[in-house]
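Let me begin by presenting the structure, written as structure tokens, before commenting on it.
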Amino acid sequence: MRIDETLLNEAKAYAAKNGRSLTSVMEDALRQLLNRATEVAERPRVELITSDSKPGFAPMVQQRLDAGETLEHILSDLEDEEWVERARNAAR
């Protein structure tokens, strides 16, 4: 077995610092590698939730942006309950 000299020196230093043999350090490292590979293989596949929404603003907001209003101005209107109700009705 050939091991990169720098890696081997780091492993030796680690073993000495922790009062262990180089063999025990190498065995533990190999066990951890094999255990991780097994855990990954046994891990269930994760299905991510996706959306079919189109990116962008709500139609009423986009219309106002297209008309030259600033987003800041449009957002300030959100405080106006009447505008919010109109936006809800327009979305229906």
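- With contacts defined as side-chain heavy-atom distances shorter than 4.5 Å, the pair Asn35/Gln32 does not qualify.
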Which atom pairs, one a donor and one an acceptor, fall under 3.5 Å between side chains of residues 5-17 and the rest of the protein, sequence neighbours left out?
unit_1 : atom_1 : unit_2 : atom_2 : d
Asn9   : ND2    : Glu5   : O      : 3.3

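- Annotation: the span from Leu22 atom CG to Glu27 atom CD amounts to 10.0 Å, rounded to 0.5 Å.
- Applying the side-chain hydrogen bond (donor to acceptor under 3.5 Å, both in side chains) rule to pairs touching residues 47-57 yields Arg45-Glu47, Ser51-Ser53, sequence neighbours excluded.
- Its side chain within the 4.5 Å cluster rule, Val46 clusters with Leu48 among the Ile, Leu, Val, Met, Phe, Trp and Tyr residues.
- Put simply, the side chain of Asp28 does not reach to within 4.5 Å of the side chain of Met26, judged on heavy atoms.
- Val25 and Met1 fall into different hydrophobic clusters, where Ile, Leu, Val, Met, Phe, Trp and Tyr side chains are chained together by heavy-atom contacts under 4.5 Å.
- Residue Leu65 holds its CG atom at 4.0 Å from CD1 of Ile74, rounded to the nearest 0.5 Å.
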